[in-house]
Amino acid sequence: MLPTTNNRSSNRRLRVVFAGTPEFAAVSLKALINQQEALNIDIVAVYTQPDRKAGRGQKLSASAVKQVALAHDIAVEQPLTFKKSSSEGMAARQTLRSYQPDVMIVAAYGLILPIGVLTTPTYGCLNIHASLLPRWRGAAPIHRALLAGDSETGITIMQMDKGLDTGDMLYKVSAPIEANDTAASLHDKMAELGATAIVTVLKDLAHYQAQAVPQDDSQANYAEKLVKTEGEIDWTQSATEIERQIRGLTPWPGAYTFLAGQRVKILASLPVNPSQQTNQPAGTVISVGRKAILVACGKDADTKQADTKLDSKVESLEPSASTLAITELQFAGGKPMTAEQICHGNQLNDGDQFTTDSK
């Protein structure tokens with residue numbers, strides 16, 4: 001039997017185990033801690049990744065979730081595995097059972113939960129996922145939504161099963177992706193939205209579990225984990241694609257290019273202006289202005305489509321290509337600089353060529 005509508009009507013508080021690691025998860029944990037009385041829950045334990053070395057000194061650092069748990073005197077568990085093939089994994093499962101959890105809340109935990117773990121809590125495990133499932137399953141849904149040019153994203157509270165983000169959906173809430181959103185800004189919005197969403201579901205868990213909706217697998221995309229090399233800009237791509245790349249990979253791994261063999265980070269740019277076109281080769285610095293640095297890119301899809309419809313005798317728009325207006329960049333070994341600062345210096349000039357590698 002599921003918990004009754006509005007858990008406060010039950011004498012026994014719902015025993016909650018929380019599993020998460022980064023700041024995205026810590027935001028939800030804080031919200032649940034603050035709402036324990038109103039939700040009639042007890043957070044009996046927090047699971048998070050083992051401490052990792054971080055910073056220049058490479059000192060062991062506790063995760064954002066662990067820091068929140070310790071500040072509120074909540075028991076912290078940091079198993080390396082839950083695999084039943086290892087003694088450590090079996091011990092971790094036994095420890096979890098000892099907490100007698102009613103439900104486990106999972107948010108960016110970073111550790112695979114086998115079916116034996118998913119079925120340990122009385123009402124299973126709920127995942128706070130930063131995508132309108134099944135749109136983006138996997139490790140980097142926020143970044144992939146930006147890179148793909150999605151107009152909206154959101155949070156899905158999902159009943160976890162043995163698949164990768166394939167479980168039934170209990171609750172979804174959407175949010176627009178703004179033209180100036182980066183992975184950093186969208187992360188913060190999704191963290192807050194996720195916290196609100198999990199509180200909403202726990203207010204009436206019976207209702208949401210009873211109304212669970214299966215995912216349409218045919219609509220699913222895999223949000224692969226980011227790798228550093230994705231930051232390298234290919235200037236033959238359209239300005240639209242490169243502009244998404246800059247926003248989608250901020251702050252990590254960051255978009256970059258090369259100038260005379262030296263790496264240059266591209267930190268920010270303006271939304272693409274379709275009317276600004278050029279016949280300069282891709283990667284050419286067209287102009288270094290106080291407001292922006294204009295760079296030639298490849299053709300936008302819309303431009304390519306329009307060109308195919310033109311009569312072959314019309315040559316005025318050929319070979320036109322899109323342009324990108326960069327507003328902030330950083331030279332190797334230097335500090336971030338605005339277009340105006342660069343305009344007053346001599347590190348970048350009209351006609352310079354950005355390239356795709358350092359060779």
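Along the sequence shown, residues are numbered consecutively beginning with 1.
In terms of heavy atoms, I286 sits closest to V295 at CD1-C, 4.1 Å. Taking both residues in full, the closest heavy atoms of A183 and G248 are given as CB-O, 3.4 Å, listed atom of the first, atom of the second, then distance. For the residue pair T323 and L294, the shortest heavy atom distance occurs at OG1-CD1, 3.7 Å. When all heavy atoms of P22 and V65 are compared, the closest pair comes out as O-CG2, 3.8 Å. Nearest approach of A191 to V27, heavy atoms of both residues: O-CG1, 3.5 Å. In terms of heavy-atom proximity, P253 sits nearest to V227 at CG-O, 3.7 Å.
The side-chain heavy atoms of I342 and L329, taken from C-beta on, include a pair separated by under 4.5 Å. Contact of the L348 side chain with the V264 side chain is not registered, since no non-hydrogen atoms from C-beta on lie closer than 4.5 Å. The shortest side-chain heavy-atom distance between T122 and V103 does not fall under the 4.5 Å cut-off. For the pair I177/L186, a side-chain contact is recorded, criterion being any heavy-atom separation below 4.5 Å from C-beta on. Proximity of S322 to S238: side-chain heavy atoms (C-beta onward) are separated by under 4.5 Å at one or more points. A 4.5 Å side-chain heavy-atom check between L259 and D352 finds at least one atom pair inside the cut-off. Between N40 and L14 the shortest side-chain heavy-atom distance does not fall below 4.5 Å. Side-chain contact between V199 and L32 is present, with heavy atoms from C-beta onward closer than 4.5 Å.
A distance of 8.5 Å separates CE of M337 from CD1 of I293, quoted to the nearest 0.5 Å. In this structure, H129 NE2 and K172 NZ are separated by 10.5 Å, a value rounded to the nearest 0.5 Å. Annotation: the span from R247 atom CZ to T182 atom OG1 amounts to 8.5 Å, rounded to 0.5 Å. In this structure, CE on M160 lies 13.0 Å from CG on D168, to the nearest 0.5 angstrom. Here the straight-line distance linking atom CD1 of I326 with atom CG of L267 works out to 9.5 Å at 0.5 Å rounding. Once rounded to the nearest 0.5 Å, the distance linking CG of L111 with CG of L113 reads 6.5 Å.
Remark: the backbone N or O of V44 is not paired with any side-chain donor or acceptor of D42 at under 3.5 angstrom. A distance-only check finds a donor-acceptor pair linking the side chain of Q159 to the backbone of Y123 [under 3.5 Å]. A donor-acceptor pair is defined here as one N or O able to donate and one able to accept, closer than 3.5 Å; no such pair exists between the side chain of Q211 and the backbone of Y208. Without hydrogens or angle criteria, Q36 side chain to I43 main chain gives a donor-acceptor distance under 3.5 Å. The main-chain N or O of A223 is never found under 3.5 Å from a side-chain atom of R144 such that the two would form a donor-acceptor pair. With hydrogens and angles ignored, the 3.5 Å screen pairs a side-chain donor or acceptor of N34 with a backbone N or O of K30. Under a 3.5 Å cut-off, the side chain of Q245 and the backbone N or O of E230 do form a donor-acceptor pair. Listed for the T156 side chain is no donor-acceptor partner under 3.5 Å among the backbone atoms of M158. S185 places no side-chain N or O within donor-acceptor distance of the main-chain N or O of D181, the cut-off being under 3.5 Å. Between the side chain of R93 and the backbone N or O of F82, at least one donor-acceptor pair lies under 3.5 Å.
By the 6.0 Å contact criterion, CG on L70 is enclosed, its count of non-hydrogen atoms from other residues, nucleotides or ligands being greater than 12. Shown here is R290, whose CZ atom has no more than 12 heavy atoms of other residues, nucleotides or ligands within 6.0 Å. Applying the 6.0 Å contact sphere to NZ of K265 captures no more than 12 heavy atoms from other residues, nucleotides or ligands. Other residues, nucleotides and ligands contribute only 12 or fewer heavy atoms inside 6.0 Å of the CG atom of N346.
Judged purely by distance below 3.5 Å, without hydrogens or angles, the side chains of T338 and E328 never pair a donor atom with an acceptor atom. For W136 and D165, the side-chain atoms include no donor-acceptor pair closer than 3.5 Å. For the 3.5 Å distance criterion, the side chains of S287 and D350 fail to qualify, holding no donor opposite an acceptor. Residues Q78 and Q49 bring no donor and acceptor atom of their side chains to less than 3.5 Å of each other.
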Under the salt bridge (charged side-chain N to carboxylate O under 4.0 Å, His left out) rule, what do D150 and R135 come out as? Steps first, then yes or no, please. CA-CA 10 Å; D150 290 359; R135 174 59 176 156; 2.6 Å; yes
*asked:* Is there a side chain to side chain contact (heavy atoms under 4.5 Å, CB included) between L324 and I246? Walk through the geometry before answering.
replied: CA-CA 11 Å; L324 184 70; I246 294 166; 3.8 Å; yes
Determine, step by step, whether W235 and T257 satisfy the side chain to side chain contact (heavy atoms under 4.5 Å, CB included) criterion, reporting the C-alpha distance in whole Å, the side-chain angles of both residues, the deciding distance to 0.1 Å, and the verdict. CA-CA 9 Å; W235 293 100; T257 187; 2.9 Å; yes
Checklist entry - How far apart are the C-alpha atoms of T166 and L133, what are their side-chain angles, what is the distance that settles it, and do they pass the side chain to side chain contact (heavy atoms under 4.5 Å, CB included) test? => result CA-CA 9 Å; T166 56; L133 287 171; over 6 Å; no
Check step by step if side-chain hydrogen bond (donor to acceptor under 3.5 Å, both in side chains) holds for T284 and Q353. CA-CA 5 Å; T284 303; Q353 187 75 31; 2.9 Å; yes
- request: Report the C-alpha distance between D188 and E192 in whole Å, list the side-chain angles of each, state the deciding distance to 0.1 Å, and finish with yes or no for side chain to side chain contact (heavy atoms under 4.5 Å, CB included).
  value: CA-CA 6 Å; D188 293 348; E192 294 294 339; 5.9 Å; no
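Using bins of under 30°, 30° to 60° and over 60° for the plane-to-plane angle, the ring pair Y47/Y109 lands in the perpendicular bin.
Placement of L126 and V106 in two distinct hydrophobic clusters is found when ILVMFWY residues are connected by side-chain heavy-atom separations under 4.5 Å, directly or transitively. M190 and F18 fall within a single hydrophobic cluster, where Ile, Leu, Val, Met, Phe, Trp and Tyr are joined by side-chain heavy atoms under 4.5 Å apart, directly or via other members. Hydrophobic clustering (side-chain heavy atoms under 4.5 Å, transitive across Ile, Leu, Val, Met, Phe, Trp, Tyr) groups V46 together with I33. Cluster annotation: M104 and I157 are assigned to distinct hydrophobic clusters (Ile/Leu/Val/Met/Phe/Trp/Tyr, side-chain heavy-atom contacts under 4.5 Å, transitive). Hydrophobic clustering of Ile, Leu, Val, Met, Phe, Trp and Tyr side chains at less than 4.5 Å, counting indirect connections, keeps Y99 apart from M90.
Applying the side chain to side chain contact (heavy atoms under 4.5 Å, CB included) test between I105 and each of I198, V201, N127 identifies I198 as the sole match.
A search for side chain to side chain contact (heavy atoms under 4.5 Å, CB included) contacts involving S174 returns L132, E152, not counting sequence neighbours.
In this structure, R137 forms no cation-pi arrangement with Y222, as its terminal cationic atom is not both closer than 6.0 Å to the ring centre and no more than 45° off the ring axis.
Salt-bridge formation is detected for the pair D51/K66: a Lys NZ or Arg NE/NH1/NH2 atom is positioned less than 4.0 Å from an Asp or Glu carboxylate oxygen. Here D102 does not pair with R15 in a salt bridge; the nearest charged N to carboxylate O distance is not below 4.0 Å.
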